[in-house]
Amino acid sequence: MRTPPTRPAPIHPLNRAFFARSPRRVARELLGKVLLRDSPGLRLAARIVEVEAYLGENDPAAHASAGNTLRTAVLFGPPGYAYVYFIYGNHYCLNVSCGREGKAGSGVLFRALEPLLGIEEMARARGFPPPSLGDAQMKDLRKLTSGPGRLAQAFGITRARDNGSDLASPHAGLWIGDDGFRPIRIEITPRIGITQATDRPLRYILAGNPFVSGRRTPAKN
DNA sequence: ATATCGATTATCT
DNA sequence: GATAATCGATATG
């Protein structure tokens with residue numbers, strides 16, 4: 001019997017110090033890392049391919065610009081914790097707090113992932129009927145985790161379940177790991193879906209990765 | 001292929 | 001009372 005063609009690389013959690021840096025730095029460094037959800041008998045894993053930095057109370061586009069409120073408290077706490085918010089009455093989105101504790105309320109928004117493990121389960125969580133996965137192509141897989149609301153749904157992330165949870169430790173089940181993957185090329189663009197500070201280059205993506213959110217085929221230049 | 005629009009609720013003004 | 005770090009459906013070229 002041969003060994004399987006690929007064995008999953010060992011994954012280790014990130015240090016607290018990883019998150020205790022500027023949101024720009026954390027955003028860039030998060031590209032290529034892996035988001036994991038461990039539950040009894042099941043692991044979900046997906047590579048981080050698109051994130052955005054939110055700079056804190058002085059960033060007009062950031063939730064933290066409203067100050068340290070009940071909603072945004074996690075952003076103002078220690079780094080490495082999940083800030084989950086509910087938007088448009090429909091969707092949850094995941095951030096991780098960063099910077100130094102109590103400082104600026106900065107964070108990084110997870111915008112798109114590339115599914116690695118537990119794809120069937122992600123599809124189920126997204127509400128796709130079982131047969132749809134058999135003929136799933138790249139286009140369909142993109143709909144699993146390409147977008148902040150989509151990836152949260154695929155991972156079963158809610159405010160009640162995950163807000164304030166420690167992403168630097170596997171203990172709570174939702175965490176971020178390093179499997180040795182290193183990005184080839186990173187692109188930086190303005191952030192998406194905001195109405196304030198729309199031209200600041202704070203969106204970080206793995207160049208050319210098909211799971212990055214947004215338009216696939218630009219019409220013309 | 002791109003454009004527009006409705007859903008649905010926590011949060012802030 | 002208005003708005004929002006979105007998504008999916010529908011309409012139209």
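Letters go in sequence order (proteins before strands), and every chain restarts at 1. Predicted, not measured: the structure shown is a model, and the values here were computed from it.
- If you check every strand for non-hydrogen atoms under 4.0 Å, A:G89 touches a base.
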Test side-chain hydrogen bond (donor to acceptor under 3.5 Å, both in side chains) applied to A:W175 and A:D166, step by step: CA-CA 7 Å; A:W175 58 289; A:D166 184 4; over 6 Å; no
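- For the pair A:H91 NE2 and B:dT9 P, the interatomic distance rounds to 12 Å; values are reported in whole Å.
- For C:dA4, one of the phosphate oxygens OP1 or OP2 lies less than 4.0 angstrom from a side-chain nitrogen or oxygen of A:T195.
- A:L109 comes within contact range of at least one nucleobase, with a heavy-atom separation under 4.0 Å.
- Cation-pi geometry between A:R191 and A:Y54 is met: the NZ or CZ atom falls under 6.0 Å from the ring centre, inside 45° of the normal.
- With contacts defined as side-chain heavy-atom distances shorter than 4.5 Å, the pair A:V26/A:Y204 does not qualify.
- In summary, of the residues considered (A:E50, A:R185, A:E187, A:E114), a side chain to side chain donor-acceptor pair (under 3.5 Å) with A:N209 occurs for A:E114 alone.
- Residue A:R203 is out of contact with every strand shown, counting any heavy-atom pair closer than 4.0 Å.
- Put simply, CG on A:L202 is 14 Å from P on C:dA5, counting in whole angstrom units.
- A:R150 comes within 4.0 angstrom of the backbone, heavy atoms only, and of no base.
- For the pair A:G149 and A:F86, nearest-nucleotide mapping onto DNA chain C gives the more 5' position to A:F86.
- Across the protein-nucleic acid pair, A:L144 atom CG and C:dC7 atom C1' stand 14 Å apart, rounded to whole Å.
- DNA chain C is contacted by both A:Q196 and A:G147; A:Q196 maps to the nucleotide lying nearer its 5′ end (nearest heavy atom per residue).
- Rounded to whole angstrom, the span from the CG atom of A:N90 across to the C1' atom of C:dT3 amounts to 14 Å.
- Looking at A:Y85, its side chain has no donor and acceptor atom pair within 3.5 Å of the base of C:dA4.
- Between the C1' atom of C:dT3 and the CZ atom of A:R71 lies a distance of 10 Å, rounded to the nearest Å.
- Atom CD1 of A:I87 and atom C1' of C:dT3 are 8 Å apart (whole Å).
- The side chain of A:T69 places an N or O atom within less than 4.0 Å of a non-bridging phosphate oxygen (OP1 or OP2) of B:dC12.
- Aromatic stacking is not marked for A:Y88 over B:dA7, as the cut-offs of 5.5 Å for the centres and 30° for the planes do not both hold.
- Without hydrogens or angle criteria, A:R47 side chain to A:G32 main chain gives a donor-acceptor distance under 3.5 Å.
- Taking atom NE2 on A:H63 and atom C1' on C:dT3, their separation rounds to 11 Å, with Å as the unit.
- The backbone N or O of A:F211 sits less than 3.5 Å from a side-chain atom of A:S146, completing a donor-acceptor pair.
- A cation-pi arrangement is found for A:R21 relative to A:F18, the charged atom lying closer than 6.0 Å to the ring centre and inside a 45° cone about the ring normal.
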Pair assignment for DNA chain C - dot-bracket with | for other-strand partners, Watson-Crick or G-U under 3.5 Å: ||||.|||||||.
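- Using bins of under 30°, 30° to 60° and over 60° for the plane-to-plane angle, the ring pair A:H63/A:Y85 lands in the perpendicular bin.
- In this structure, CZ of A:R159 is placed 16 Å from P of B:dT9, rounded to the nearest angstrom.
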